[in-house]
Engineer: 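One structure, pasted below without further comment.
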Amino acid sequence: MDTARHFLRQWIEKDVAAGTTGGKVVTRFPPEPNGYIHIGHAKAVCVDFGMAEAFGGECHLRLDDTNPAKESDEYAENIKKDIRWLGFQWSGEGDGAEAGFYNASNMFDKMYEIAENLIRAGQAYCCNLTQEEWKEYRGVPERPGRPSPSRDTPPERNLEIFRAMRDGKYADGEWCLRAKIDMASPNIHFRDPVLYRIRHVAHYHLGEKWCIYPMYDFAHPIEDALEGVTHSMCTLEFEVHRPLYDWVVDRLDEMGLLVERGGVKIRPQQREFARLNITHTVMSKRLLLQLVTEKRVAGWDDPRMPTVCGMRRRGYTPAAIREFCERVGVSKVESESDPALLEWCVREELNRTALRRMAVIDPVKVVIDNWDGPAHDVVLPNNPTDEAAGTRTIPFGREIWIERADFMETPEKKFFRMFPGGEVRLRGACIFKCTGCVKDADGRIAEIHGTWDKESWGGNASDGRKVKGTIHWVDCATGVKAEVRLYERLFTEKDPMKDGPEGFLKFMNPESLKVVTGYVEPLLASAANGERFQFERLGYFVADEKDHSPSAPVFNRTVSLKDSFKPGA
RNA sequence: UGCCUCGUGGUGUAAUGGUAGCACCGCAGAUUCUGAUUCUGCUUGUUGGGGUUCGAGUCCCUGCGAGGCAACCA
C-alpha cells in the first residue's frame, strides 16, 4: 500500500497538501451488520484502513445500522472479529467506550434533530404518497417527475406530522420525510429523496427506542461529517449518490454542524472505486446468505465461502489476503480478478512459513520385502526454505503408505514415480526398487512390493546413480489416521451470475468438497487448531479450527501445490 | 431513449503530453531428495475513426462497447 499511488491516494495527497484535513486524514469502514464480511469487503477494509495508515491518520469502524430489519448483534460481533483478524485496528475517538468504534444508530438523536432543522428551513417535508404513487410521481430517468401534493405543506404542519411519525402514530409506510430538492433533476436521487421512513421494528442495538429510521443517503453524510471523516470511500454504485451526499453536507454546513479541526472546517468528501470481483464465485451478501440458509454450504464459515471467516477456516492467512488486495489494485474499472492470484499469494507466504509434513490422502500399501529390522528414523527439515525452522524425526518401517497416483503398473512416458522394475526415492529414507504388485478381486492394486537399497539410507545412492523421482510416504505402523477435506472452487462457471442471480445454484461445483481418509505422520496429530502445514507434494493444509483434535485429526486443504506434471502429455 | 462512470496483453494494474512497464496465468529450459521452491527465457496489449501537437494510451470531437442510477435497502 505504500508504493501504490492509485487515484484515491493522489486525491488524499492533494487535500493534505491543501490543508483541508485539519492535519489529520480520517477515513471510515462502514459495514452494515446484516451478514458476514467477505473478500470484497476485505478489499474495502484494506483501502479504508490502508489510506488512513498511509497518511498517519485514523480509520473509524462504523456499523451502518440504519435498517433494523436485517441487522443483528451476531453479525456486528463477527464483523469486528474478522477485521481484527485481517490485522486492522480502528482508532479515533469513538462514540462510546471503545476507541474508534461507532454505531450509526448512536447518532439517531442527532439525525432526528437535523431532520427537524431541515423541516423548519423548508428543505424537507412529510409525504403520504403510497410507494406506488411515489414511484409514479418520481418519473423515470428520461422524464421529469411531478411534485408531491404535500410538497408545500408549511413547516409547522410538517413538524407535527414528523413528530407524530416519531411517536408511533402512523403505520409503516403511511408517511415519510422527504428532502425538498428538484423533481425535475436528471439525477433521480435529487427528486425529493426519502430521508426517514416508518419501521415498527426493534433495533438490535437500541431496542424499541425508534419507529422511524433514517435512509442511507441522509444518514451516511451526517455520520461522516459528525465523526470528522475527511475521506469517505465507497464503491462505484454510489457515484450517482454523491451530489446528494454533498447536498446534505451543505445543509450541515449551513447549520454550523461541521466539525472543526486545527482551525479548519472538515467537509467530508466521497469518492468511489470499483468493488472486487473474483471469477468462479459470488460476492453478494444476499446470495451468500442464500447458500447458508438453504444449506448448500455448511455455514458462513464453510471453507468454500469467500467470506473472511470461511477463508480463515480454509487456511488462508491475513497477510495473503492483504497482499491479494494490494495486488489487484484500486481503480474505477469494473473488473474480475483471477482466483489464481489469490492462490499465488497464499502459496507465496505459506512456502516461506509453513512447516513441511508428510501425509498420504489416497493410500496404497507398499511392503519392503527385504526390510530387516526395527524402525529407522528419518530426519527431514521442517522447512527447506528456512533453516531456522529445524528438523523433525519420522519413523520409517517395513510397510508404508504411498499415494495411489504415485504408482503405475505400466508407466506412461515421462512418469518417473513408482512402477515395476523402476527405482524411486522414498523422501528422506532410501531408494526403493519396485518388483511388482498384487491386486484384489476387482483388479485394483492392493499392495505393492519391492526392495530397498541398503546403501542408500538417507536418500542418495552410494554409487552416485541418479534417481529422478522422489515420493512421499507415511509409515504404516506409526502413521495416524486423519480426515482430510479437499476443497475446490464452489462454482464451475466463470460467472455464476451469467443467467441472472436466480440461476447461480446450477453452476455449483458438485466436487467442491471431497472428504477422504488418509494417514499423516505422527507429529501432525498434535497440531494446534488453525495451524498450517505443507503436506509435501500435495499442498497447504490447516488443522480445522473447529473439528480437529489429537484423537480425530481433521485437515482442510487450503490450496494445492502448483503441479506441472501433465499425465498423458 | 435522460444522467453518471469506465474502456491498456488471457487476467489485474502502471505510464499524470516524451522508449507501453510490472505482476498473475500460460509456454519453454536450468537447478532440485517436494514434477514444489528458485533461476532464465518467451508469447500476447493501448475500442474504431478523425483532430490538436515536433510528439497522443494520455488532450479535443465522434462512433462502438461495458457498467451504474428509476427500494420508504445499503
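Basis for what follows: all heavy atoms, side chains included, without hydrogens, waters or symmetry-related copies. A note on names: the letters A, B, ... follow the listed sequences, proteins ahead of strands, and every chain is numbered from 1.
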Engineer: Has the side chain of A:K468 got a donor or acceptor atom sitting under 3.5 Å from an opposite partner on the base of B:U32?
Structural biologist: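 Looking at the base of B:U32, it does pair with a donor or acceptor on the side chain of A:K468 (distance under 3.5 Å).
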Engineer: Base, sugar-phosphate, or nothing for A:P384, non-hydrogen atoms under 4.0 angstrom?
Structural biologist: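 Touches a base.
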Engineer: Take atom C1' in B:A14 and the same atom in B:G49, then report the distance between them in whole Å.
Structural biologist: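 To the nearest whole Å, 27 Å.
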Engineer: What is the distance, to the nearest angstrom, from the CD atom on A:E142 to the P atom on B:C3?
Structural biologist: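 Value for this atom pair: 10 Å.
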Engineer: For residues A:F162 and A:Y196, determine if any side-chain heavy atom of one lies less than 4.5 Å from a side-chain heavy atom of the other.
Structural biologist: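 A side-chain contact under 4.5 Å exists here.
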Engineer: Among B:U5, B:U34, B:A70, which nucleotide has an atom closest to any side-chain atom of A:E239?
Structural biologist: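 When the side chain of A:E239 is considered, B:U5 is the closest of B:U5, B:U34, B:A70.
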Engineer: Does A:R9 place a side-chain N or O at less than 4.0 Å from the phosphate oxygens OP1/OP2 of B:A14?
Structural biologist: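 It does not, given that no N or O in the side chain of A:R9 lies less than 4.0 Å from OP1 or OP2 of B:A14.
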Engineer: In Watson-Crick or G-U wobble terms, both distances under 3.5 Å, what is the partner of B:G57?
Structural biologist: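 Base partner found: none.
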Engineer: In the strands shown, is B:U19 matched to any nucleotide by a Watson-Crick or G-U wobble pair with both distances under 3.5 Å, and which?
Structural biologist: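 Looking at the geometry, B:U19 pairs with no nucleotide.
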Engineer: Nearest to the side chain of A:V328, which nucleotide is it out of B:A74, B:G12, B:C69?
Structural biologist: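 Between B:A74, B:G12, B:C69, the one nearest the side chain of A:V328 would be B:G12.
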Engineer: Would you say the ring centroid of A:H220 lies under 6.0 angstrom from that of A:Y216?
Structural biologist: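 Judged by ring-centre distance (under 6.0 Å), A:H220 and A:Y216 do meet the cut-off.
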Engineer: So, applying side-chain contact (heavy atoms from CB on, under 4.5 Å) with A:F541, which one of A:L486, A:L524, A:L350, A:T558 is it?
Structural biologist: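 Of the listed residues A:L486, A:L524, A:L350, A:T558, the side-chain contact (heavy atoms from CB on, under 4.5 Å) partner of A:F541 is A:L486.
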Engineer: Paired with B:A74 by Watson-Crick or G-U wobble geometry, both distances under 3.5 Å: which nucleotide is it?
Structural biologist: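 Pairing partner, where one exists within any strand: none, as none qualifies.
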Engineer: State whether the side chain of A:R191 and the backbone N or O of A:V140 hold a donor-acceptor pair below 3.5 Å, judged by distance alone.
Structural biologist: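 Flag set: sc A:R191 to bb A:V140 pair under 3.5 Å.
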Engineer: May I ask you to evaluate whether A:W134 reaches the phosphate of B:C72, defined as a side-chain N or O under 4.0 Å from OP1 or OP2?
Structural biologist: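 For B:C72, OP1/OP2 do have a side-chain N/O of A:W134 under 4.0 Å.
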Engineer: Please determine, for B:C64, whether a Watson-Crick or G-U wobble partner exists with both distances under 3.5 Å, and give it or none.
Structural biologist: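 Result: B:G7.
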Engineer: For the residue pair A:R417 and A:F565, would you count it as a cation-pi contact if the rule is NZ or CZ under 6.0 angstrom from the ring centre and within 45 degrees of the ring axis?
Structural biologist: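 Yes, A:R417 and A:F565 form such a contact.
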Engineer: Could you check, using the six-membered ring where one of them is a Trp, whether A:F407 and A:F419 have ring centers closer than 6.0 angstrom?
Structural biologist: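 That pair fails the under 6.0 Å test.
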Engineer: When all nucleic acid strands are considered with a 4.0 Å heavy-atom cut-off, which category describes A:N187: base, sugar-phosphate, or nothing?
Structural biologist: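 No contact.
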Engineer: Categorize A:E336 for me: base, sugar-phosphate, or nothing, with a 4.0 angstrom heavy-atom threshold over every strand shown.
Structural biologist: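 The residue A:E336 makes sugar-phosphate contact but no base contact.
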Engineer: What integer number of Å spans the C1' atoms of B:A70 and B:C4?
Structural biologist: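 B:A70 and B:C4 have their C1' atoms separated by 14 Å.
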Engineer: Does a side-chain N or O of A:S335 approach OP1 or OP2 of B:U13 to a distance below 4.0 Å, or not?
Structural biologist: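 Yes, within the criterion.
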Engineer: Find the distance A:F273:CZ to B:G67:P and express it as a whole number of Å.
Structural biologist: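 Those two atoms, CZ and P, are 21 Å apart.
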Engineer: Atom CE of A:M183 and atom C1' of B:G2: how far apart are they, to the nearest Å?
Structural biologist: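 So the two atoms are 15 Å apart, to the nearest Å.
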Engineer: Measuring only the P atom in each nucleotide, how far is B:U44 from B:U53? A whole number of Å is fine.
Structural biologist: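 Going atom to atom, P in each nucleotide, I get 35 Å.
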Engineer: Please state whether the base of B:U5 and the side chain of A:E272 form at least one donor-acceptor pair under 3.5 Å?
Structural biologist: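 Flag unset: no donor-acceptor pair detected.
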Engineer: Within the pair A:S331 and B:G12, is there a side-chain N or O less than 4.0 Å away from OP1 or OP2?
Structural biologist: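 The answer is no; no side-chain N or O of A:S331 sits under 4.0 Å from OP1 or OP2.
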Engineer: Report yes or no: is there a donor-acceptor pair, N or O only, under 3.5 Å between the side chain of A:H241 and the base of B:A74?
Structural biologist: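 Yes, the side chain and the base share a sub-3.5 Å donor-acceptor pair.
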Engineer: Applying a 4.0 Å non-hydrogen cut-off, can you work out what A:L129 is touching in the nucleic acid: base, sugar-phosphate, or nothing?
Structural biologist: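 Base contact - A:L129 has a heavy atom under 4.0 Å of at least one base atom.
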Engineer: In whole angstrom, what separates A:R199's CZ from B:C73's P?
Structural biologist: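 These atoms are roughly 4 Å apart.
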Engineer: Tell me which nucleotide, if any, is Watson-Crick or G-U wobble paired with B:U1 when both distances must be under 3.5 Å.
Structural biologist: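 With both distances under 3.5 Å required, B:U1 matches none.
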Engineer: Taking pairing as Watson-Crick or G-U wobble with both contacts under 3.5 Å, can you name the mate of B:C39, or confirm there isn't one?
Structural biologist: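 The answer is B:G29, by the H-bond criterion.
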Engineer: Considering every strand and a 4.0 Å limit on heavy-atom distances, what is the contact class for A:R356: base, sugar-phosphate, or nothing?
Structural biologist: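 Base: the residue A:R356, judged by heavy atoms under 4.0 Å, touches a nucleobase.
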Engineer: Going by purine N1 to pyrimidine N3 plus the second Watson-Crick contact, or the G-U wobble pair, all under 3.5 Å, which nucleotide sits opposite B:U44?
Structural biologist: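 Checking every strand shown, B:U44 finds no partner, since no pair has both distances under 3.5 Å.
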Engineer: I want to check one thing: is the phosphate of B:C72, taken as OP1 and OP2, less than 4.0 Å away from some side-chain N or O of A:R138?
Structural biologist: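 Yes.
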Engineer: Rounded off to whole Å, could you give me the CZ-to-C1' distance for the A:R191 and B:G2 pair?
Structural biologist: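 Value for this atom pair: 8 Å.
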Engineer: Is A:E13 paired with A:R5 through a side-chain N to carboxylate O contact shorter than 4.0 Å?
Structural biologist: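 Looking at A:E13 together with A:R5, the answer is yes, because their closest N to O distance falls below 4.0 Å.
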Engineer: Quick check: any donor-acceptor pair below 3.5 Å linking the side-chain of A:R347 to the base of B:U37?
Structural biologist: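 When only heavy-atom distances are counted, A:R347 does not reach the base of B:U37 through any donor-acceptor pair under 3.5 Å.
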Engineer: Enter syn or anti for the glycosidic conformation of B:A36, syn applying to angles within 90° of 0.
Structural biologist: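 Here the answer is anti: the torsion falls beyond 90° from 0.
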Engineer: Which listed nucleotide (B:U37, B:C24, B:U5) is nearest to the side chain of A:K332?
Structural biologist: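 The nucleotide sitting nearest to the side chain is B:U5.
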Engineer: Which of these nucleotides, B:G7, B:C72, B:A70, is closest to any side-chain atom of A:M215?
Structural biologist: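 Closest nucleotide to the A:M215 side chain: B:C72.
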Engineer: For the pair made of CG in A:D217 and P in B:A70, what is the distance, rounded to whole Å?
Structural biologist: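 Whole-Å distance recorded here is 10 Å.
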Engineer: Should A:S564 be listed as having a side-chain N or O under 4.0 Å from OP1 or OP2 of B:A36?
Structural biologist: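 Yes, within the criterion.
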Engineer: From B:C72, B:A74, B:C24, pick the nucleotide closest to the side chain of A:F238?
Structural biologist: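 My answer, after comparing the listed nucleotides, is B:A74.
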Engineer: Would you please indicate if the ring centroids of A:F238 and A:Y245 are separated by under 6.0 Å?
Structural biologist: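 So the answer is no for these two rings.
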Engineer: Take atom OH of A:Y213 and atom P of B:C72, then tell me their distance rounded to the nearest Å.
Structural biologist: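 To the nearest whole Å, that distance equals 18 Å.
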Engineer: Take the protein atom CZ of A:R143 and the nucleotide atom P of B:C3, then report the distance between them rounded to whole Å.
Structural biologist: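 After rounding, the gap between these two atoms is 14 Å.
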Engineer: Run the ring-centre check on A:H376 versus A:W452 and record whether the distance is less than 6.0 Å.
Structural biologist: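 Centroid distance A:H376-A:W452: below 6.0 Å, so yes.
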Engineer: Nearest nucleotide by nearest heavy atom, which residue falls closer to the 5' end of RNA chain B, A:F7 or A:A340?
Structural biologist: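 Result: A:F7.
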Engineer: For a quick test of reading the model: is some side-chain N or O of A:R327 closer than 4.0 Å to OP1 or OP2 of B:U11?
Structural biologist: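 No.
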Engineer: What is the nucleic acid contact for A:Q131, judged by heavy atoms within less than 4.0 Å: base, sugar-phosphate only, or nothing?
Structural biologist: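 Base: the residue A:Q131, judged by heavy atoms under 4.0 Å, touches a nucleobase.
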Engineer: Verify the contact: side-chain N or O of A:R537 to OP1 or OP2 of B:G35, cut-off strictly under 4.0 Å; return yes or no.
Structural biologist: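 So the side chain of A:R537 is within the cut-off, an N or O lying under 4.0 Å from OP1 or OP2 of B:G35.
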